[in-house]
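First comes the structure, then the notes that go with it.
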There are 2 protein chains.
Amino acid sequence: MVELTPRKKLILKAIIESHVQDGEPVGSKHLSQHPGLSCSSATIRNEMAELEAMGLLEQPHTSAGRVPTELGYRYYVDSLLENYSTAAAEIQQMSANLRLKLGELDGILAEASRMAAALTNYPCITVKAKPALVSVAKFDGIYVDEGKFLLIMIFVSGAVCTKTIETVPEFSPQDLVTILHALNELLIGKSANEINLPLIVKLENRAGKHSALMRQLMTIIYDTMQEQGRSDLRVEGVTRLLQYPEYEDIDELRNMIALFEDKQELLAAIADGTATHDESDGVQVLIGSENSVKVMNNSTLIYRPVKRGDKVIGAIGVVGPRRMDYAKVISTIDRLTRGIDSLLSGEQPLPLPSSDEDSDT
Amino acid sequence: MVELTPRKKLILKAIIESHVQDGEPVGSKHLSQHPGLSCSSATIRNEMAELEAMGLLEQPHTSAGRVPTELGYRYYVDSLLENYSTAAAEIQQMSANLRLKLGELDGILAEASRMAAALTNYPCITVKAKPALVSVAKFDGIYVDEGKFLLIMIFVSGAVCTKTIETVPEFSPQDLVTILHALNELLIGKSANEINLPLIVKLENRAGKHSALMRQLMTIIYDTMQEQGRSDLRVEGVTRLLQYPEYEDIDELRNMIALFEDKQELLAAIADGTATHDESDGVQVLIGSENSVKVMNNSTLIYRPVKRGDKVIGAIGVVGPRRMDYAKVISTIDRLTRGIDSLLSGEQPLPLPSSDEDSDT
DNA sequence: TTTAGCACTCAAAGCTAAAGAGTGCTAAAA
DNA sequence: TTTTAGCACTCTTTAGCTTTGAGTGCTAAA
């Protein structure tokens, strides 16, 4: 993209910011009152015509003002948008909640999702990456009550899962020890699809009179392992879309929601974006058709991977209309995910880089 | 409500069922073709006029067909609706999932909610009642890894909660034993608001060099107890409302969603309904203004309490337009909640009463 | 290079007329 | 006494038409 003259930059920026605020096309007269632009509407019309010729603006129809194109937004995000900063206080306050959830990735992602949605006022999506390999490092158990115990699975990934199991009252603490012994001896290090019939039979034999319980446990363990191994995508706060006139058309809304429910496509879009766009470390901004999903041609997806050490273990992002408050969203996602990165790496305080004057909420 | 003549009953039923299906007002001509009604449209017009005089029907405007009033639906549900029955197979199949979640009330409700929403195609709400008293019966723990352990809280209600705690690597299994000892000695049987400063100080002293950890644990334990003690309302599948033309008006939809997000009002409505309506054991049907929430004047709320033994521990319900497939929804909620009742009481198989010819889906 | 002026375009809003669905009433038929 | 056919009437919906006004592009002068 060629350099623009300073005035063109100013005009483009003003148009985008005005449009982001009220969603209306921006006319030359309105723009001529912008402080910092001391020229007549006619001059601005000329400039706008040129910006349109470059593909940065467009008109919904001849007698309307200008609206940024996808390319316009892209230029804005890449070249015109500096020093975004969020209300650091908000994040800091909420990060306390995050730290409480430490140790459970699911919990962290869920909490972060809620935070991101609340801060940006757009629906938030979280992705949990598929772990390379799922197997249990250790089984443990706690006898709770007559015939009721807690099965604890500690995975090699460090994740911990617990399931409450209810069985017959005759089931004794000693029986639990026996069963845990068997599980630890035969299932450690096995992946879900290595659990085959001979293995199950062997385990049932070890369980003696509680072989029925053992079979039930196998189902539960198998399901839990499957669940651990699945990549997972969640959407939080879909209903926030209702606020934006872009989705007042009920069909647009329905399409979007169908997309959220399908999940596969969204996952693909994110994988896509991560692969193709610049350094896959920073915040990714996919505007309109830049992401491959047709339904999202009028929407923007902004997200950033979450890492533990240097391994990507998920992503957190936000979906909204193309007309989006990019500064705010990018900054929020950036802070939030960086905060999680460092939490996960064990650094204690959530870092709040640089000095912060709050942006508007 | 006075008895209607058989023909009037037939007409009312036909009108409601036709209207439920397509949402359009029903005209006399259309109705005269109904098999079972062998009279002219003029006769039907006379009957309809009388039904309207009784307050069972109304006209959106002079030149439109008739639409059931709230009272009309009420009469239909009370007097005209017999032998509803669901696709039993569907429920049976899904009940397997339910049984897997046994032991965690939250899990059961969540699963049931998903089932109800899927079966009826309306948003489903679940309520967890506020338990009379929350206190921990026993603390337990499992040392997972260097400085990482699982804290297990067994509540007197039988609920079990686990939290993964990450602390300093120096933290040894022996330290865990010490801490559990202290917790069990000082916190058993205490309710959340009995945890005061002297108690905390005592606990921190017991923790020795890990007093910071102990303080962190107190926060977590306190929060968990609070959470256990809260009554809780969740809504699943809000977006299903989009299917129904009643909510095509975006404001109607917004109001509804705001209602779901507020929760207090909905809780009140349910408490209300349980208190005022017939035997509080069966399925409750609150049509339009019968529930006190103004926003729901055009909607219906159908729910039934869930019990363990004879104690109400929650409720599961469905929200949709007044024009609702009452037969199907009532039957689904009834089966589902009865199934859960008996699961919770420890009876093994999910009972599927009576012979079932499937109704349409 | 900038600006004022002016003719032109086109969506949005309002207005009118025609179409159509459904009713209530009356009078005749069963 | 009940049912039915006929008819005038009401009122929404739809389509087409006009008006309004915002915003533009172009031209010519500053």
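Chain naming here is simple, since letters A, B, ... match the order of the sequence lines and numbering starts at 1 in each. Being a predicted model, the structure only gives us computed values, none of them experimental.
Other residues, nucleotides and ligands contribute over 12 non-hydrogen atoms within 6.0 Å of the NZ atom of A/Lys9. Within a 6.0 Å sphere centred on NE2 of A/His34, other residues, nucleotides and ligands contribute more than 12 heavy atoms. Counting non-hydrogen atoms of neighbouring residues, nucleotides and ligands closer than 6.0 angstrom, the CZ atom of A/Arg254 exceeds 12 such neighbours.
The shortest distance between side-chain heavy atoms of B/Ile15 and B/Tyr76 does not fall below 4.5 Å. Side-chain contact between B/Thr332 and B/Met115 is absent, with no heavy atoms from C-beta onward closer than 4.5 Å. Side-chain contact between A/Met296 and A/Val319 is present, with heavy atoms from C-beta onward closer than 4.5 Å. Side-chain contact between A/Val67 and A/His19 is present, with heavy atoms from C-beta onward closer than 4.5 Å.
Whole-Å rounding puts the B/Leu37 CG to D/dT4 C1' distance at 15 Å. For B/Gln59 and C/dA21, the CD to P distance is 16 Å, given to the nearest whole Å. Atom CG of A/Leu57 and atom P of D/dG25 are 11 Å apart (whole Å).
Pairs engaging residues 53-66 of chain B under the side-chain hydrogen bond (donor to acceptor under 3.5 Å, both in side chains) rule: B/Glu52-B/Arg66, B/His61-B/Ser63 [sequence neighbours left out].
Side-chain N/O atoms of B/Arg66 include none lying less than 4.0 angstrom from OP1 or OP2 on C/dA21.
Contact check on A/Glu3 versus A/Lys8 returns no salt bridge, with no Lys/Arg side-chain nitrogen under 4.0 Å from an Asp/Glu carboxylate oxygen.
Applying a 4.0 Å cut-off to non-hydrogen atoms, none of the residues of residues 23-33 of chain B approaches DNA chain D. Within residues 39-51 of chain A, the residues having any heavy atom under 4.0 Å from DNA chain D are, by residue number, A/Arg45, A/Met48.
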Could you list all N or O pairs between the protein and nucleotides 8-12 of chain C that sit under 3.5 Å apart?
{"unit_1": "C/dC10", "atom_1": "O2", "unit_2": "A/Ser63", "atom_2": "OG", "d": "3.1"}

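Each end of the helix from C/dT1-D/dA30 to C/dA30-D/dT1 gets its own rotation axis from five pairs of C1' atoms, and the angle between them is 20° to the nearest 10 degrees.
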Begin from the C-alpha positions of B/Ile302 and B/Tyr326 and carry the test side chain to side chain contact (heavy atoms under 4.5 Å, CB included) through to its verdict.
CA-CA 9 Å; B/Ile302 297 183; B/Tyr326 289 92; 3.9 Å; yes

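The distance from the SG atom of B/Cys124 to the CZ atom of B/Arg114 is 10.5 Å, given to the nearest 0.5 Å.
Scored by the side-chain hydrogen bond (donor to acceptor under 3.5 Å, both in side chains) test, A/Asp262 finds no partners at all (sequence neighbours excluded).
Checked by atom type and distance alone, the side chain of A/Ser18 never pairs as donor or acceptor with a backbone atom of A/Ala14 at under 3.5 Å.
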